[in-house]
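What follows is a short report on a single structure.
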Amino acid sequence: MIYLELFWTFLVIGLFSFGGGYAMLSLIQSEVVTKHAWITAEQFTDIVAISQATPGPVGINTATYVGYTITHNMGYSDLASIGGSLLATLAIVLPSFLIVLTICKLYEKVKHSSMFSSLMKTIRPVVIGMIAAAAGILITPQNFFHWSSWLLLAGAFIACKYLKANPIWVILAGGVIGLLIY
Amino acid sequence: MARQKRIESSVGGGSRKVSLWELALTFTKVGMFTLGGGYAMIPLIDREVVEKKGWLQKDEFYDIVAIAQSAPGLLAVNISIFAGYRVRGNKGSLAATIGNCLPSFLIILAIAIFFAGYRDNYYVEKIFKGIRPVVVALIAVPVVDMIKRSSLNIWRALLAVGTAVAIIFLKVSPIYILLVVFTCFFCAMYFEKKNKGKEGGA
């Protein structure tokens with residue numbers, strides 16, 4: 001039964017994932033953490049961290065990991081949890097696969113249509129709000145349990161935004177600092 | 001048959017039929033070597049698919065990127081679907097997509113299985129206490145970049161802030177917000193078509 005619910009949830013997420021990986025994070029979070037409470041906000045934060053530090057699109061990585069963790073949290077076996085991760089990944093890719101394939105077939109007609117780009121322009125502010133919310137929701141008392149957490153936030157932001165540091169190194173640095181000071 | 005011909009003629013090289021394996025492996029390579037995904041994959045796909053293999057023309061590739069950005073889903077995956085289709089039709093798009101997603105799927109799955117046993121480990125918990133605020137920063141960076149790039153007027157800025165507030169504090173699902181905006185968009189388009197000739201405010 002969890003499989004069916006998992007598949008449906010990620011299918012809907014895939015269908016509405018306009019605006020790329022980070023917007024997808026916002027959708028996954030609102031469905032999986034806020035609505036279904038399948039995993040906690042801290043668990044979700046950890047999963048996003050690992051997904052960003054491993055190869056591949058962060059949205060798909062998160063879906064795979066979340067699919068595994070949800071099934072595992074419910075007490076199912078490792079093998080059943082692998083099934084959950086496969087299902088979540090398939091479900092999140094399927095809608096865009098079908099939609100993009102359809103666009104491919106109509107390519108010559110769509111190429112000159114401005115509808116897509118103006119739709120994208122219209123939802124741009126919503127996408128910005130969604131991603132901002134994804135960051136905002138993760139500011140929980142558990143994630144920011146100490147004043148130094150805010151320093152880490154500021155440091156990481158400056159490193160990525162202004163020093164153009166690679167996110168993987170920033171994540172690793174955060175981990176090392178955590179190991180040393182907490 | 002006719003479609004196959006058209007696809008082949010649209011490919012740079014033309015005569016050689018690309019095997020599904022080659023297609024999948026090329027996108028596996030792209031998937032393996034991009035950390036961060038999405039935008040990081042574009043130059044790599046460009047180099048592999050356009051410059052090295054010559055499967056797509058340069059301008060065709062930019063068209064694909066533009067369309068892939070406005071379709072739902074992840075940019076890199078959408079480009080794989082598109083490029084795979086242009087090279088070998090339906091089967092090609094499936095091969096490219098599986099090739100693109102498989103390596104990261106296996107890697108992340110291995111990590112998930114491994115970490116499931118170490119979640120409550122004393123040191124792992126310390127490490128993640130340091131990482132969690134970093135994750136918030138990493139998600140905040142693209143927000144700032146997008147705000148800079150997309151010249152928001154007062155209404156669009158309000159829509160962005162309203163969306164964030166609704167999601168964070170009112171726990172509204174982003175899906176409903178998107179549905180409302182889609183409905184408004186298509187209604188506006190319908191009325192604009194009806195009053196053709198008159199200039200409507202965008």
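All of these numbers come straight from a predicted model, not from anything done at the bench. First the proteins, then the strands, lettered A, B, ... as listed; each starts at 1.
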Checklist entry - Does any N or O in the side chain of Lys126(B) come within less than 3.5 Å of the main-chain N or O of Gly178(A), such that one atom is a donor and the other an acceptor? => result no
Next on the checklist: Would you compute the distance between atom CE of Met146(B) and atom CD1 of Ile128(A) and round it to the nearest 0.5 angstrom?
Outcome noted: 5.0 Å
Checklist entry - Heavy-atom distance under 4.5 Å to chain B: side chain of Phe144(A), backbone, both or neither? => result side chain
Checklist entry - Are Leu101(A) and Phe82(B) side-chain neighbours, meaning at least one heavy-atom pair lies under 4.5 Å? => result no
Checklist entry - By a 4.5 Å heavy-atom criterion (distance strictly below it), what part of Pro167(A) contacts chain B: side chain, backbone, both, or neither? => result both
Checklist entry - How about Ile103(A) and Asn78(B): do any of their side-chain heavy atoms sit closer than 4.5 Å? => result no
Checklist entry - Counting only N and O atoms by type, is there a donor-acceptor contact under 3.5 Å from the side chain of Ser17(A) to the main-chain atoms of Gly73(B)? => result yes
Item to check | Side chain proximity check, Val143(B) to Tyr22(A), heavy atoms < 4.5 angstrom | outcome: no
Checklist entry - Hey, are the side chains of Phe182(B) and Ile123(A) touching, using non-hydrogen atoms and a 4.5 Å cut-off? => result yes
Checklist entry - With a 4.5 Å heavy-atom cut-off, do Leu109(B) and Tyr68(A) have their side chains touching? => result yes
Next on the checklist: At a 4.5 Å cut-off on heavy atoms, which part of Ile99(A) comes close to chain B: side chain, backbone, both, or neither?
Outcome noted: side chain
Next on the checklist: Are Pro72(B) and Leu15(A) packed together at the side-chain level, in the sense that at least one heavy-atom pair is separated by less than 4.5 angstrom?
Outcome noted: no
Checklist entry - So what's closer than 4.5 Å to chain B heavy atoms on Glu31(A): side chain, backbone, both or neither? => result side chain
Checklist entry - Does the side chain of Val134(B) come within less than 4.5 Å of Leu153(A)'s, by heavy atoms? => result no
Checklist entry - Between Ile167(B), Val172(B), Ile177(B), which shows the greatest number of heavy-atom pairs under 4.5 Å with chain A? => result Ile167(B)
Item to check | Region of Val176(A) in contact with chain B, defined by heavy-atom distances below 4.5 Å | outcome: neither
Checklist entry - Should Trp155(B) and Pro125(A) count as side-chain neighbours, where that means a heavy-atom distance under 4.5 Å? => result no
Checklist entry - Heavy-atom distance under 4.5 Å to chain B: side chain of Met130(A), backbone, both or neither? => result both
